[in-house]
Amino acid sequence: MSPAKKAKREQRRAGKAESAARAKRALEIVERLDDAYPARIELNFRNPLELAVATILSAQCTDKRVNEVTAILFEKYRTAENYANADPEVFQEEIRPTGFFRNKTRSILAFTQALVERHDGLVPDRMEALVQLPGIGRKTANVVLGSAFGEREGIVVDTHVIRVSERLGLSKESEPEKIEQDLMKLVPRDEWTDFGLRMIQHGRYTCTARKPRCDGCPVEELCPSAHSLG
DNA sequence: CTCCCGATAT
DNA sequence: ATATCAGGAG
C-alpha cells in the first residue's frame, strides 16, 4: 500500500475517533443539563393557540412580561376568530408592553387570519404547515410542536440555544437551522424537546449573555469556553 | 443585512 | 452608555 493511501486511512481513523469523542461529550452534557434543570416552559399557556401567540410575543421580551400581558389577553381572545376579527389599534395597545408591538400585532392578526382561512381556525401540528403561516418561523414552530403537540420534529434554537451551543462547542455554525442540524445529530431524538427547554434554562440562569456564572455551572468541566468567560 | 420597541442588567 | 431580552419579515 502506498504511503499516501496509508496516511489517508490514518486520517480517517482519527476523524472517526474525534467525532465519537464529540458525541460522547455531548451526551454527557445532555445528562448533566437533565439533572440540573427542569424541562419546563416559563410561558403560560393552555392550548396550542395560546402557546403560539405567547411565543410570538416573547421576541426580545422577558417571558415574565409576556405572562403579565397574556394573563389578560387570553381571557378576551379565546379562538383564532377572536384574534382575526380584532381591531388592530386596540390589539396593539393590549400587547404594547411586550415591545415590537406593531410588528407583533401584524404577525398575530395575520397568523390567526391564516389559521381561519387555511386550517379551520386550528393550529396545525406539522412543521411544513406551521412555517407557511405568517409570523411563524422555525423557532416558534418547534416550540409549538414540541410543547403543545408532543411532536419531535426538531430542536428549538433561540437566542439562548445559539449562545450556549457556541460556548459549549456543540456547533460552529451561525445560522440557527445549521445549529439545529448539528444538535439533532448529537442528541437522541427522544430528548430533543426537553434538551431545548433545558438549554434555554441554562442560558437564562447560568450561561447568561453578559456575565455567565461559570462558578457552579453544571457543565463547566465540559465547556471549552469556561476559562475565557467570566 | 436592517428594522421593529422599551425595560432592565451590567 | 449599551447589550440584551424564548424572532421574523423585507
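By convention in this document, chain letters (A, B, ...) are assigned in the order of the sequence lines, proteins followed by strands, and residues within each chain are numbered from 1. What's counted below: heavy atoms across the whole structure, side chains too, no hydrogens, waters or symmetry copies.
Going from atom CG of A:Asn103 over to atom P of B:dC4 covers 8 Å, rounded to whole Å. Going from atom CD of A:Gln60 over to atom P of C:dA6 covers 9 Å, rounded to whole Å. Distance A:Arg210 CZ to C:dA3 C1': 4 Å, rounded to the nearest Å. In this structure, A:His202 atom NE2 and C:dC5 atom C1' are separated by 18 Å, rounded to whole Å. Rounding to whole angstrom units, NZ of residue A:Lys211 and P of C:dT4 are separated by 15 Å. The CG atom of A:Asp63 sits 12 Å away from the P atom of C:dC5 (whole-angstrom rounding).
If you check C:dG7, B:dC4, C:dC5 against the side chain of A:Arg102, the one that comes closest is B:dC4.
Counting non-hydrogen atoms under 4.0 angstrom, A:Phe101 reaches the backbone sugars and phosphates but no base. A:Ile41 comes within contact range of at least one nucleobase, with a heavy-atom separation under 4.0 Å. A:Pro97 comes within contact range of no nucleotide atom at all, as no heavy-atom separation falls under 4.0 Å. Nucleic acid contact class of A:Ile162 (heavy atoms, under 4.0 Å, all strands): none.
Between A:Thr55 and A:Ile136, the residue whose closest nucleotide on DNA chain C is further toward the 5' end is A:Thr55.
Residues A:Glu180 and A:Asn142 have side chains that bring a donor and an acceptor to within less than 3.5 angstrom of each other.
Taking the six-membered ring for Trp and thresholds of 30 and 60 degrees, A:Tyr77 and A:Tyr83 have nearly parallel ring planes, at less than 30 degrees apart.
A distance-only check finds a donor-acceptor pair linking the side chain of A:Thr98 to the backbone of A:Ile95 [under 3.5 Å].
The aromatic ring of A:Phe100 is not stacked on the base of B:dC5, since the criterion of ring centres less than 5.5 Å apart with planes inclined by under 30° is not met.
Using a 4.0 Å cut-off between charged nitrogen and carboxylate oxygen, A:Glu42 and A:Lys64 do not count as a salt-bridge pair. The pair A:Arg96-A:Glu93 meets the salt-bridge criterion, since a charged nitrogen lies less than 4.0 angstrom from a carboxylate oxygen.
Between A:Thr140 and C:dG8, a side-chain N or O to OP1/OP2 separation shorter than 4.0 Å is present. At B:dC3, none of the side-chain N or O atoms of A:Arg106 fall inside 4.0 Å of OP1 or OP2 (strictly under the cut-off). At the phosphate of B:dA7, neither OP1 nor OP2 sits under 4.0 Å from any side-chain N or O atom of A:Arg65.
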